[in-house]
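Below is one structure, written out as structure tokens; the observations come after it.
Values reported hereafter were calculated over all heavy atoms of this structure, with side chains retained and with hydrogens, waters and symmetry mates removed. Counting starts at 1 for both ligands and their atoms, in listed order.
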Amino acid sequence: MPLTDEPAAVMNPARAKRLTVELQSKLLTYRLQNWRQVAAPNLTLDHFTTPTRELALSLATCIVGDDELRSQVFPLLEGHDRQIKLDRTSLLEALVLESLLAACHDSRSDTLPIGLITQSVNTILAGRGEALRVSPEVVGWKLRGLGMRTEFMADGRKGLVLLGETRVKIHALAVAYGVRTLQKAPSNLRCAHCSSVTI
Ligand SMILES: [Zn+2]
């Protein structure tokens, strides 16, 4: 609509109805004239995550006959995609910490093979309806990124030894990453570290 200094006229119901009929017929005509041309553009959008790629294609598909306008859609989605990538990165760290926290609360575990942490992360992912699955290599990198030192255990597998110092670190990081299970920890859980951390 063109910008104007004039006050907008108040529309009475009869005029609104007439306008609705007029616009609906114009929109229908536009649809009938253009629907054959509505097609997903053949573009490579590999640098986007899947949700952003789908959104970009849906938006671009709606623009018919204006390639320049269509190409302007993609830069607008860069920020949105960066946020998704960021969320995903921290999601995995939080899940690894959630698994480590569960191991801290399980008195049977003093050593934790990477394979077992991987299994636990994938179980949490599946439980939350995520299609993503991680490999032991990815978990190993995440542990390293979190400053957790893995070592070879007696059986030759690589893993994490849950020393007191490591348990303190896991709890502190779980707070920093907002691990859900820490926030929902039952009050009768006998864990000295849980009671000493501030959520
Ligand atoms: Zn605890």
Side-chain angles (χ1 to χ4, degrees), residues 45-58 74-199:
L45 298 169
D46 290 344
H47 63 294
F48 279 148
T49 57
T50 309
T52 309
R53 205 178 310 145
E54 281 170 13
L55 177 64
L57 286 175
S58 299
F74 309 118
L76 293 175
L77 293 170
E78 299 282 355
H80 171 76
D81 198 53
R82 255 195 311 277
Q83 191 56 48
I84 289 184
K85 284 175 182 156
L86 208 68
D87 289 349
R88 280 195 176 172
T89 314
S90 51
L91 169 84
L92 272 186
E93 266 92 0
L95 293 187
V96 169
L97 286 165
E98 191 171 327
S99 305
L100 297 180
L101 197 66
C104 283
H105 295 155
D106 182 350
S107 53
R108 292 165 300 176
S109 323
D110 277 327
T111 52
L112 207 50
I114 290 187
L116 209 63
I117 306 172
T118 308
Q119 224 173 53
S120 167
V121 170
N122 284 333
T123 304
I124 300 170
L125 281 167
R128 293 195 186 155
E130 296 278 355
L132 180 73
R133 295 292 177 270
V134 290
S135 66
E137 288 72 29
V138 169
V139 171
W141 281 108
K142 292 291 169 198
L143 286 171
R144 188 183 278 198
L146 289 166
M148 302 281 172
R149 207 163 55 85
T150 54
E151 47 196 274
F152 285 105
M153 299 179 305
D155 59 5
R157 291 184 294 175
K158 250 192 150 183
L160 197 67
V161 182
L162 292 176
L163 300 170
E165 186 193 331
T166 313
R167 289 170 190 261
V168 170
K169 197 168 180 177
I170 289 168
H171 280 74
L173 283 168
V175 174
Y177 278 82
V179 171
R180 295 188 198 185
T181 45
L182 188 68
Q183 291 158 1
K184 292 185 208 150
S187 53
N188 60 355
L189 181 71
R190 274 196 236 148
C191 173
H193 306 301
C194 269
S195 38
S196 66
V197 290
T198 317
I199 301 166

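- Our summary of the site lists the angle at the Zn ion (ligand 1) between SG of C191 and NE2 of H105 as 110°, to the nearest 10 degrees.
- At a threshold of 2.8 Å, the Zn ion (ligand 1) has a backbone or side-chain N, O or S atom of C194 nearer than that distance.
- Between F74 and F48, the closest heavy-atom pair is O-CZ, 3.6 Å.
- For C104, every N, O or S atom stays at 2.8 Å or more from the Zn ion (ligand 1).
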As a quick check of understanding, evaluate ring-ring contact (aromatic ring centres under 6.0 Å, His included) for H105 and H171, giving each step before the final call. CA-CA 11 Å; H105 295 155; H171 280 74; 5.5 Å; yes
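- Nearest approach of L112 to A103, heavy atoms of both residues: CD2-CB, 3.4 Å.
- The heavy-atom pair separating R133 from A126 by the smallest distance is NH2-CB, 3.3 Å.
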